[in-house]
Amino acid sequence: EVTLNMDNTASYNVLEANIGGAHIALSPDGSLLYVVSGSNVRTYELGNGFINDVNIQTAGGQNLSGFPSAVCGVDGVLYAGDDGADQVYTINPLTGIAVPFGPVTPLNGGDLIFAGGELWSIHRGDNKAYLVSDGGATSFDIPAANW
């Protein structure tokens, strides 16, 4: 956790947890860390360690994997992007049930972020940000040479 201070300094807290090569999302209240890797989502409760580990699958039982990004909305909903399917899902961290969110959107190895109340995908392959709710019809360039 990093806090930008008004005097142009930053203060931070460090969480030490063995989460491996996973993608993480922090709950709005800062008490839970969702760890998405492979086809599982694990819930890490600050102060108590891992409290849940479930397989990510559709309501019909189809296993899902390949999530290069995860983010938690201000409403506490966990979102993760499957870059093989170019699909963002909401994932219930207790059951692992994933529901498609929005239409297919470019997701190549990118990140999911909220800006202006909207969910965006940052696509590293073509240096663009895509609005998830419209399948990337709304986008803008990110002038970055190296990620």
Side-chain angles (χ1 to χ4, degrees), residues 1-4 12-147:
E1 174 184 30
V2 176
T3 302
L4 301 177
Y12 61 91
N13 293 318
V14 176
L15 167 67
E16 294 188 25
N18 183 11
I19 60 170
H23 302 279
I24 60 171
L26 185 64
S27 67
D29 68 0
S31 67
L32 300 173
L33 189 65
Y34 301 112
V35 180
V36 180
S37 68
S39 61
N40 283 40
V41 59
R42 298 185 296 160
T43 303
Y44 186 94
E45 185 175 46
L46 301 180
N48 291 321
F50 285 103
I51 60 170
N52 198 32
D53 185 351
V54 294
N55 185 51
I56 301 169
Q57 58 185 310
T58 65
Q62 176 188 358
N63 288 329
L64 299 173
S65 65
F67 294 93
S69 55
V71 68
C72 200
V74 296
D75 56 359
V77 174
L78 174 62
Y79 299 84
D82 177 345
D83 69 348
D86 281 339
Q87 180 66 59
V88 173
Y89 292 90
T90 60
I91 300 174
N92 181 320
L94 297 176
T95 64
I97 299 297
V99 177
F101 177 82
V104 170
T105 304
L107 296 174
N108 183 355
D111 295 307
L112 294 174
I113 62 166
F114 277 95
E118 296 282 355
L119 184 60
W120 294 82
S121 165
I122 307 298
H123 192 289
R124 294 181 186 174
D126 60 8
N127 297 338
K128 283 187 168 284
Y130 293 100
L131 183 61
V132 174
S133 64
D134 70 5
T138 303
S139 67
F140 62 90
D141 292 331
I142 301 172
N146 296 305
W147 287 80

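Remember, predicted model here, so these are calculated numbers, not experimental data.
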Would you confirm whether [X], through its side chain, and [Y], through its main-chain N or O, come within 3.5 Å as a donor-acceptor pair?
{"X": "Gln87", "Y": "Gly102", "value": "yes"}
{"X": "Asn52", "Y": "Pro93", "value": "yes"}
{"X": "Thr105", "Y": "Pro103", "value": "yes"}
{"X": "His23", "Y": "Pro68", "value": "yes"}
{"X": "Asp141", "Y": "Pro143", "value": "no"}
{"X": "Thr43", "Y": "Ile51", "value": "no"}

Asp29 CG to Leu26 CG distance, which is reported to the nearest 0.5 Å: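 It comes to 8.0 Å.
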Give, for atom CD1 of Ile24 and atom OG of Ser37, the distance between the pair rounded to the nearest 0.5 Å.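 One gets 12.0 Å once the value is rounded to the nearest 0.5 Å.
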Criterion side-chain contact (heavy atoms from CB on, under 4.5 Å) on Ile56 and Asp82, from CA distance to verdict: CA-CA 11 Å; Ile56 301 169; Asp82 177 345; over 6 Å; no
So do Cys72 and Pro28 actually touch side chain to side chain, heavy atoms under 4.5 Å? yes
Any side-chain heavy-atom pair of Thr58 and Leu64 under 4.5 Å: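 The answer is yes, as the side chains (C-beta and beyond) meet within the 4.5 Å cut-off.
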Taking all non-hydrogen atoms of both residues, which atom of [X] and which atom of [Y] are closest, and how far apart?
{"X": "Val132", "Y": "Ser121", "answer": "CG2-N, 3.9 Å"}
{"X": "Tyr130", "Y": "Gly136", "answer": "CD2-O, 3.4 Å"}
{"X": "Ala98", "Y": "Ile91", "answer": "CB-CG1, 4.0 Å"}
{"X": "Gly135", "Y": "Pro106", "answer": "O-CD, 3.8 Å"}
{"X": "Leu112", "Y": "Ser69", "answer": "CG-OG, 3.5 Å"}
{"X": "Ala25", "Y": "Ala70", "answer": "CB-C, 4.0 Å"}

Sort and list the pairs that fulfil ring pair (Phe, Tyr, Trp, His ring centres under 6.0 Å) and have at least one residue in residues 63-82, not counting sequence neighbours.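 Matches after skipping sequence neighbours: Tyr79-Phe101, Tyr79-Phe114.
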Test side-chain contact (heavy atoms from CB on, under 4.5 Å) on Gln57 and Ile97; report intermediate values, then the result. CA-CA 5 Å; Gln57 58 185 310; Ile97 299 297; 4.3 Å; yes
